[in-house]
Each structure stands twice: as C-alpha cells, then as structure tokens.
Amino acid sequence: MCGILAVSGFRDAIQDLYDGLIVLQHRGQDAAGIVTYNNQFHLKKANGMVRDVFHAQSLDRLRGPMGIGHVRYPTAGCSSEFEAQPFFVNSPFGIALAHNGNLTNAKELSRDLLHTDFRHLNTTSDSEVLLNVFALALQKQRPIKLQPEHIFRAVRTVHRRCRGSYSAVALIGGQGIVAFRDPYGIRPLQLGKRKYGMKEEFMLCSENTVLRPLGYEFVRDLLPGECVFIDRKNKVHARVCKRGHLAPCSFEWVYLAAPDSILDNVSVYKARIRMGESLAPQIRTAGIHIDSVIPIPDSSRAAAAGLADKLKIRYREGFVKNRYIGRTFIMPGQALRQRSLHFKIHPIELEFRGNNVLLVDDSIVRGNTSRKIVEMARESGAKKVYFASASPPLTGPCPYGVDIPTTEELIGSNHSIEEIREMIGADGLYYAKVEDMVKAIRVGNRKLQRLCTGCFNGRYSTPDITKKILLQLGSNRNVTRETGDAKEEEEEGARAMTLI
Ligand code: AMP
C-alpha cells in the first residue's frame, strides 16, 4: 500500500499537498513525491520521509493550483529512487500519475506496451505500466479538446486491461485531475471539498484522516470502478466506468489505515474495538487469570481497549514506542528491520512486575515482534504472559500491494497455534477468527458484502489470483529484498568504515 493525494483549487496547492502527505505518512515511508502544474509541470520526488524529501526551496518551486502527491511503500517493484512516484509521460498533454495498489498482470502489460504499443518503460514499476495504459488509451482517441467522455473511455480501457488493485490519481497538464478506483475497490480513495469564496476546491485522498486538518469536508468514497474528473474550471464529473463489486482489503482496518479514518463508511477505530471485543469469549473460556490487558503500540490500542472492556479487566499501557522510528516492516530489508526492532519499544516495568498480562497485537506476521515483546514482558517481571492477535493467522501473501511476506516466512502459514505459542514463548495464544474479523468490519456498513481476506484464508478479491501468481509474487519479492539487504549491508559497511 501507498498513500495518494490530489488537490484541485484556485491557489497554490503545495501547502495542502505537503501537509496531506505528512498526514498520510503512515501509508509509506520509503519515498515521497509531488507534481504540480501551472502551464508547466513541477516535480520533486526522492527516497525518504516527506519531511526529508521536501525543503523550503522545493516547496517554493512547486507552483500551481493543482497537483498530486504520493508516499511509497515498497511492494513488487524495487525501492530505488527512480521508482518514486508520481510517474510522468509527456503525451498526450503530459500526464503525471500516483498509484496505490499492485497490478497482478504488470509483466504481460509491459511486454504488450513495448512490443505492440511501442511504449518504452523506464522502470520495473507496475505504476508506470498503469500510467502508460491510461495515457495510451487517451492518446488513441486523439482528443484535440479533451472532454470527460475521453477520460471515462480511457479509464474503461484501464479496467479492461489492468488486473489487481489500483486506486490512482493523475494530473493531466492544463486539463485537470483524474482519480479512479479498480472495479473491486481494493484500496481506498475518497473525495473531499472546501469552500473558497463562492467556489469549491477539491481533494482526493487515500484516507479521510487528511481532510479535516486541512479544512476539507468529506464528500464520499469513490465507488468501485468509478472515475472522477475535475476539470480546469474545478467542475466535478463522475462516472462508474465498470460496474464493480466492492471487496476492499480487510487489512486496511486491521493495521494499515489511521484509526481516525472512515473507509467505505466503516470507522477504522470502531472496527478495531469490535475485533478486540470478539476475542473475549475464547479468553473467558480459557479460564485464565489476567491482571491487565496491555496493547502493543500503536495499532492495537483500540482492539486492546475493546477486549479489556468486554473482559472487565483493567487496560494498561505497558510499552512506550519511540515515535521517531518508522513502522519497522516498511523499512526494506531484513538487516534494517531487525536492528530497529530493538529500539522501537521499551517496557514500563512496573506494569509487569508480579502480574499476569494479556498482550494484544493487531496481527502476528513473522512472529519476530511478538517473540521479542513476550521476552521483554518476562524480563520486566511478568508472572504469566498471554498473547492475543486481533486478526486471524496470516497464511498467504498479498497480491494487491501489502508487504506481507512470502508464505514460507509467515509464521501462521506452516505452524499450528500451539506451535506458534511455543515459538513466541507465550503462556497462552488467542487469535481472532476470520468470520469475527469480517463481522467486526461489516457491522459498520451492512452494504459491504465482501472483503478481501486472501492473506487469512486464500479468498482474494479478484478471480485471477492463482497459485502461480502468488509464487511469482514471492520470487519477485525475494529478489527485491535480497537486493535491498545487500545494499544495506554495503551501506552499513561503508558507515562502519567512516566511523573507524
Ligand atoms: P512480525 O510478526 O514480527 O513480522 O511483526 C508483526 C507486527 O508488525 C505486528 O505488530 C503488526 O502490527 C505489524 N505488521 C502489520 N502488517 C505487517 C506486514 N505486512 N509485515 C510485517 N509486519 C506487519
């Protein structure tokens, strides 16, 4: 997953784009980029956090009343800075695009683009493929005066050719902003508006946590298969280009999204509370004595609060998270990940000494974090350490852009719950059930009939997901990771040498 943003207004958009990306930083810390337009494109993108990529000088240069932004989280592509987004093509009109998701047929598409459509790609990124498919579909219509119909037709072609997940925003030079969601609405995309005198300015964003702090009011989620075009006079045109079946990623509610976001009419915070509550019956049945329920910060706080409430056991903060270290899993490469894990969380010892504690996390992925945390709780004097995961065991990878490891790396894919309990060193281990997690999300919006639960039980949103695609995804991922690790080790070596 990544974070995307677009602004269409009447004054320089850069402040909103920059601030908006800061608010969306939790969706990716690997690279950031912004493109604006005022009779000319202005682009700045690089690897790093938003605050490190943009400085006063670059912000001053990024002029114009419309623009798009992106924070990247490395998935199928590599984490080189050439793959930072937005991507740009100069024809037709000049189009910049930022993408959240992952195309599952990117390889075939890039072959076709090269050999049949004579479009050359500069990177291995599927987002560049998406941009080229869209640009080509627009170009083929030879639009001299661009109309919304041209855009909708081009997005219809994207829907026909591209498989997988794609929420995208694009800036067409001198024409306006385009935003579209794949026919399953796997990744979120929302529209907000703000008054400017008698007129209205618009923002499109991955999550509505961005809107209120920037003075926008939430309008609505884009529908699956829908395209919104905001023309240069700031008039909004919308069309469902392909009738879809909403089946968004459940992991957005488990972990990815900010707790104050509301996605497809379901509050992330409330869904997490309900996921925690759903664990209560199994823990009661286990008949264990617990003194306090302790969340593993930050994403499990709501679940732990819900669970503690239901169990009528006190909720306590037992860990302090160093807020200046990013989410460790987003950092590419194992070496960097393991090192930062040591610094990330510190125990508050007096909450553990002599107590039986129930630690709650949103998920267990590889099991490294849980093992370390259980160890910390014991070192801090806990008598018994129980562990609960607010989501079910992760058993498969994600073809739609969440950096979930290959099946072999997932502790839940090849071990029983009892084996995992032993591996993480807990006295008891409790997982939410898939149906309880789904229910916890769906209570917020009964119309949400389907959710992607592929990484939990193999039920992916799109029908094209085969074993072969998942295996291919795994091998791409390993190549990317190995390259990342090797590079990090090299950099570590270089750093060590400088210190000597
Ligand atoms: P681990 O089990 O050590 O891989 O780490 C699990 C922790 O990472 C949990 O606390 C989750 O909050 C968080 N996490 C969530 N999603 C992912 C992911 N895609 N990859 C790795 N860790 C994740």
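Both ligands and their constituent atoms are indexed starting at 1 by order of listing.
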With heavy-atom distances below 4.0 Å as the criterion, list the atoms of ligand 1 near Gly367. 1 (P), 2 (O), 3 (O), 4 (O)
Atom pairs and distances, donor-acceptor, side-chain atoms in residues 276-285, under 3.5 Å, two or more places apart:
{"residue": "Ser278", "atom": "OG", "partner": "Met275", "partner atom": "O", "Å": "2.8"}
{"residue": "Gln282", "atom": "NE2", "partner": "Tyr431", "partner atom": "O", "Å": "2.5"}
{"residue": "Arg284", "atom": "NH2", "partner": "Lys310", "partner atom": "O", "Å": "3.2"}
{"residue": "Thr285", "atom": "OG1", "partner": "Pro281", "partner atom": "O", "Å": "2.6"}

Would you mind telling me if ligand 1 is within reach of the side chain of Asp361, the backbone, both or neither, using heavy atoms under 4.0 Å? side chain
Drop me the distance from Tyr315's OH to Arg301's CZ, to the nearest 0.5 angstrom. 5.5 Å
The reported gap from CG in Asp361 to OH in Tyr255 (rounded to nearest 0.5 angstrom) is 9.0 Å
What atoms of ligand 1 come closer than 4.0 angstrom to any heavy atom of Asp403? 18 (C), 19 (N), 20 (N)
Arg366: numbered ligand 1 atoms lying under 4.0 Å from its heavy atoms: 1 (P), 2 (O), 4 (O), 21 (C)
Considering only residues two or more places apart or on different chains, which pairs with a residue in residues 373-395 satisfy side chain to side chain donor-acceptor pair (under 3.5 Å)? Arg378-Asp427
Using a heavy-atom cut-off of under 4.0 Å, does the side chain or the backbone of Asn368 touch ligand 1, or both, or neither? both
What I want to know is whether Phe251 and ligand 1 share at least one N or O pair that is separated by under 3.5 angstrom. no
Identified side chain to side chain contact (heavy atoms under 4.5 Å, CB included) partner of Asn355 from the options Leu350, Asp291, Val385: Asp291
